[in-house]
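A short write-up of the structure that comes next.
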Amino acid sequence: MAQPPERASSRPARSRFMTQQSFGGHRAVTIRHLTAHVGEEVLVQGWLYNMRSKGKLHFLQVRDGTGIVQAVVFRGNVPDEEFEAAGRLTQESSLRVVGTVKADERSPGGVELQVSKLDVVHVAEPYPITPKEHGVGFLMQHRHLWLRSRKPAAILRIRDTVIRAIREFFHRREFACVDSPMFTPSACEGTTTLFKVDYFGDEAYLTQSGQLYGEASAMALGKIYVFGPTFRAEKSKTRRHLTEFWMVEPEAAFYDLEDVMDLGEDFVSTIVGAVLAERRDDLEILERDIAKLEPAAQKPYPRITYDQAVEILHADGHADFPYGEDFGAPHETAIGARFDRPVLVYNWPAAIKAFYMKRDPDNPAIALGVDMIASEGYGELVGGAQREDDLAALEERIAEHQLPREAFEWFLDLRRFGSVPHGGFGLGLERTLAWITGVEHLRQCIPFPRMLDKIYP
RNA sequence: UCCCCGAUAGCUCAGUCGGUAGAGCGGCUGACUGUUAAUCAGUAGGUCCGAAGUUCGAGUCUUCGUCGGGGAGCCA
């Protein structure tokens, strides 16, 4: 491995452990910030994305994870052996270059680097992902390398922004982050298939939701959110499913359904606003139609009841939709298409909703639940509800759903000791990202997706 | 669990009626001082997913299997 020839240090004993953030006296600058250093000689460190050579001239497209810059190597501007070394670089070879930042319209990106020094760190073996077309199966087998490509990297940066916006949103509204366990003794809702693990000889499951623990935490801290991975062993094989995905689940004491809906629209519009403010360049890399996203950064979001949603379906090509059933993918698409931003659908038939949802006091057939449906066919982003806070009613629900009562005793305790109205929702991180970035498949929105029969790399 | 589609060079694919295995890109060699997924010339590269069958002859037809892609249901 090549070492920098000189390092500014008066303590040489530490030098081999020291930073590599300078070279030849020049400070490292990330490509994203090069435009602020026009005229300066700086160090750029990264990987070779592509190269074009023209005689005594090499055009190196260098990427460093923050952007791509063209580094121009003229024979004569660098020692001959460095020029020859540049000519032998292969795609994804790692390198450090020192050069002067120049504004140049001929260069992709507006600025380029006139290279005065080139240090080849590692010459890569022939790289499997070429700058040409590849199939999804091939790219998924090489996910660990695919992450280096422009679009996957843009999605990961947006994911980072969304995660930070989520934590900041709740921090500013004084919701405390409370982590729920990954191992659980039983199903939360008892419906979907869970991953079973051996827990010192006992059966345990990987969590499918942190909500019930979130309710307990909200009784302790008032306003909380759970943010972590979630596991579903459903044999779902579609672009809208992962077996491991991230979910954020706020829960708040003294919140009713309307408070939950207020929080939900505030939350999603804030996240979209953060991405529009910070990651516009990445949305452009992804060729996202920003005009279709911008309304979602504005409150309020439309709110309709389940009954009104069914009316939309009946008027809009789904005349045979039976009242009382849950919406399938095409139904959600049809409802979402009616609005320019996500729509909140509330007051659902209780029969198709989870046991923990509170019933409408005026109509026991209605559950005080809400789904947020994205525009453009991305489906359900949020599912939430006001929770059942009455002990007797919740005991009745558990019996109706034939759930193992003993597993829920602790949950029932929350209704025995100072029960209060409360509510919350869950938001699927990857589904939200797929909608924001406009990508078609959830697997592109998580670094290393876990899917049915797919766990490599 | 069910339905549909596919598997040929490193990658993306073509391969006619069953008759000698093809292209583009990538790799390698060389040329070029402004390339924009550079261009030009040359060159190497094949267990046609596996097994069995039909046939004088199978990448091509039949059966079974494996792997992959898409969708339904279920869900976020």
Side-chain angles (χ1 to χ4, degrees), chain A residues 49-61 68-77 83 87-88 90-92 102 104-110 112 114 124-142 145-146 149-150 187-189 191-194 207-211 229-249 268 325-332 352-354 371-374 378-384 425-435 440-443 445-446 451-454 456:
Chain A
Y49 190 75
N50 196 7
M51 176 167 73
R52 289 176 284 273
S53 293
K54 202 170 191 315
K56 298 181 172 58
L57 192 53
H58 296 305
F59 298 100
L60 313 181
Q61 315 292 327
I68 295 176
V69 69
Q70 173 160 282
V72 185
V73 186
F74 276 99
R75 182 187 285 283
N77 283 7
F83 183 84
R88 287 191 299 270
T90 53
Q91 190 187 351
E92 285 303 314
K102 284 183 59 181
D104 193 319
E105 288 179 2
R106 295 171 299 181
S107 184
E112 67 178 22
Q114 289 290 341
E125 295 177 22
Y127 192 66
I129 302 177
T130 60
K132 293 287 175 181
E133 286 175 27
H134 297 282
V136 173
F138 175 81
L139 290 170
M140 284 308 311
Q141 278 297 319
H142 296 82
L145 301 177
W146 190 24
S149 299
R150 285 168 67 92
C188 289
E189 301 176 33
T191 51
T192 51
T193 318
L194 303 185
T207 184
Q208 63 158 205
S209 167
Q211 181 201 313
T230 300
F231 307 90
R232 303 275 169 93
E234 296 151 7
K235 303 255 180 187
S236 300
K237 195 180 175 183
T238 84
R239 71 181 71 176
R240 294 182 310 280
H241 291 88
L242 299 167
T243 55
E244 178 185 317
F245 65 96
W246 282 64
M247 193 151 68
V248 55
E249 300 174 279
V268 174
E325 293 210 352
D326 206 352
F327 302 137
H331 308 125
E332 289 182 348
I352 55 169
K353 285 294 179 184
D371 283 4
M372 184 188 293
I373 297 173
Y378 283 93
E380 185 184 334
L381 300 176
V382 163
F425 62 80
L427 173 135
L429 177 65
E430 288 77 15
R431 278 205 186 162
T432 305
L433 274 167
W435 165 60
E440 62 186 51
H441 204 303
L442 247 55
R443 66 187 159 201
C445 295
I446 189 167
M451 294 178 289
L452 182 64
D453 295 330
K454 191 177 264 300
Y456 178 93

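These figures come from a predicted structure and were not determined experimentally. Reminder, nothing fancy here: chain letters follow the sequence lines and each chain counts from 1.
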Inset, instruction - Go through A/R232 and A/T243 one step at a time and tell me if the side chain to side chain contact (heavy atoms under 4.5 Å, CB included) criterion holds. - result: CA-CA 5 Å; A/R232 303 275 169 93; A/T243 55; 5.8 Å; no
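- Looking at heavy atoms from C-beta onward, A/W246 lies out of side-chain contact with A/L433 at the 4.5 angstrom threshold.
- Close to B/C74, at under 4.0 Å from its OP1 or OP2, lies no side-chain N or O of A/R240.
- In this structure, A/I129 reaches neither bases nor backbone, as no heavy-atom distance under 4.0 Å exists between it and the strands shown.
- Listed nucleotides B/C32, B/A72, B/U1 differ in distance to A/A329; the shortest reach to its side chain belongs to B/A72.
- Nucleic acid contact for A/G383: none, since no nucleic acid atom lies under 4.0 Å from a heavy atom of the residue.
- With rounding to whole Å, A/Y456 atom OH is found 17 Å from B/C67 atom P.
- A/T230 comes within contact range of no nucleotide atom at all, as no heavy-atom separation falls under 4.0 Å.
- The residue A/E125 sits apart from the nucleic acid: no heavy atom pair falls under 4.0 Å.
- For the OP1/OP2 pair of B/G34 and a distance below 4.0 Å, the side-chain nitrogens and oxygens of A/K54 include at least one atom meeting the criterion.
- Taken to the nearest 0.5 Å, the CE atom of A/M247 stands 11.0 Å off from the CG atom of A/L429.
- Across the P atoms, B/U66 and B/G24 are found 38 Å apart, a figure rounded to whole Å.
- Closest to the side chain of A/F74, from the set B/U33, B/C74, B/A72, is B/U33.
- Side-chain contact between A/D371 and A/K353 is present, with at least one heavy-atom pair separated by less than 4.5 Å.
- We find that CZ of A/F59 is positioned 7 Å from P of B/G34, with the value rounded to whole Å.
- The residue among A/G328 and A/V136 whose nearest nucleotide of RNA chain B is located toward the 5' end is A/V136.
- Taking atom C1' in both B/G59 and B/U43, the straight-line distance is 26 Å, to the nearest Å.
- Looking at A/H134, its side chain has no donor and acceptor atom pair within 3.5 Å of the base of B/C11.
- The side chain of A/K56 approaches B/U33 more closely than any other nucleotide in the set B/G69, B/U33, B/G34.
- Here, B/U60 and B/G22 have their C1' atoms 15 Å apart, quoted to the whole Å.
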Inset, instruction - Check the pair A/T130, A/Q91 against side-chain hydrogen bond (donor to acceptor under 3.5 Å, both in side chains), reporting the backbone distance first and the verdict last. - result: CA-CA 8 Å; A/T130 60; A/Q91 190 187 351; 5.9 Å; no
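- Using atom C1' as the reference point in both B/G71 and B/U63, the two lie 27 Å apart (nearest Å).
- Comparing the P positions of B/U35 and B/C61 gives an interatomic distance of 48 Å, to the nearest angstrom.
- Checking A/G135 against A/M247, the closest nucleotide of RNA chain B that is more toward the 5' end is the one next to A/G135.
- Atom CG of A/L381 is separated from atom C1' of B/C75 by 14 Å (rounded to the nearest Å).
- Among the atoms of the strands shown, only primed sugar atoms or phosphate atoms (P, OP1, OP2) are found under 4.0 Å from some heavy atom of A/F138.
- Here the side chain of A/T238 pairs a donor or acceptor atom with the backbone of A/R240 at under 3.5 angstrom.
- Ranking B/C74, B/U12, B/G69 by closeness to the A/H241 side chain, first place goes to B/C74.
- For A/T238 against B/G73, a side-chain-to-base donor-acceptor contact under 3.5 Å is absent.
- Checked by atom type and distance alone, the side chain of A/E332 never pairs as donor or acceptor with a backbone atom of A/Y378 at under 3.5 Å.
- If you check every strand for non-hydrogen atoms under 4.0 Å, A/L429 touches nothing.
- In this structure, the CG atom of A/L452 is 15 Å from the P atom of B/A72, given to the nearest Å.
- B/G6 and B/A21 are spaced 24 Å apart, taking the P atom of each and rounding to whole Å.
- B/U16 and B/A7: their P atoms are spaced 13 Å apart (whole Å).
- One C1' atom belongs to B/C13, the other to B/G53, and the distance between them is 29 Å to the nearest Å.
- To the nearest angstrom, P of B/C74 lies 22 Å from CE of A/M451.
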Hey, what are the protein-to-nucleotides 21-27 of chain B N/O distances that come in under 3.5 Å?
none

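- Under 4.0 angstrom from either OP1 or OP2 of B/G69 there lies at least one side-chain N or O belonging to A/K454.
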Legend entry - RNA chain B base-pair string [pairs: Watson-Crick or G-U under 3.5 Å; |: paired with another strand]: (((((((..((((.....[..)))).(((((.......))))).....(((((..]....))))))))))))....
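- Judged purely by atom type and a 3.5 angstrom limit, A/H58 has no side-chain atom pairing as donor or acceptor with the backbone of A/L60.
- Two residues are said to be in side-chain contact when any heavy atoms from C-beta on lie closer than 4.5 Å; A/R150 and A/Y49 meet this criterion.
- Within the 4.0 angstrom heavy-atom criterion, only backbone atoms of the sugar-phosphate kind lie near A/R443; the bases stay farther away.
- No donor-acceptor pair under 3.5 Å is formed between the side chain of A/T90 and the backbone N or O of A/E125.
- For B/G70, the base has no donor-acceptor partner in the side chain of A/E440 [N/O atoms by modelled type, under 3.5 angstrom].
- Across all strands, A/H441 comes closer than 4.0 Å only to sugar-phosphate atoms, never to a base (heavy-atom distances).
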Inset, instruction - Evaluate the side chain to side chain contact (heavy atoms under 4.5 Å, CB included) criterion for residues A/V72 and A/F59: first the C-alpha distance (whole Å), next the side-chain angles of each, then the deciding distance (0.1 Å), finally the verdict. - result: CA-CA 5 Å; A/V72 185; A/F59 298 100; 4.0 Å; yes
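- With rounding to whole Å, A/D104 atom CG is found 18 Å from B/U33 atom P.
- Of the candidate nucleotides B/G69, B/G70, B/G34, B/G70 has the atom lying nearest to any side-chain atom of A/R239.
- Put simply, CG on A/N50 is 11 Å from P on B/U39, counting in whole angstrom units.
- Between the side chain of A/E430 and the main chain of A/C445, no donor-acceptor pair closer than 3.5 Å is present.
- Proximity of A/I129 to A/L139: side-chain heavy atoms (C-beta onward) are separated by under 4.5 Å at one or more points.
- Distance, A/F83 CZ to B/C32 C1': 11 Å, rounded to whole Å.
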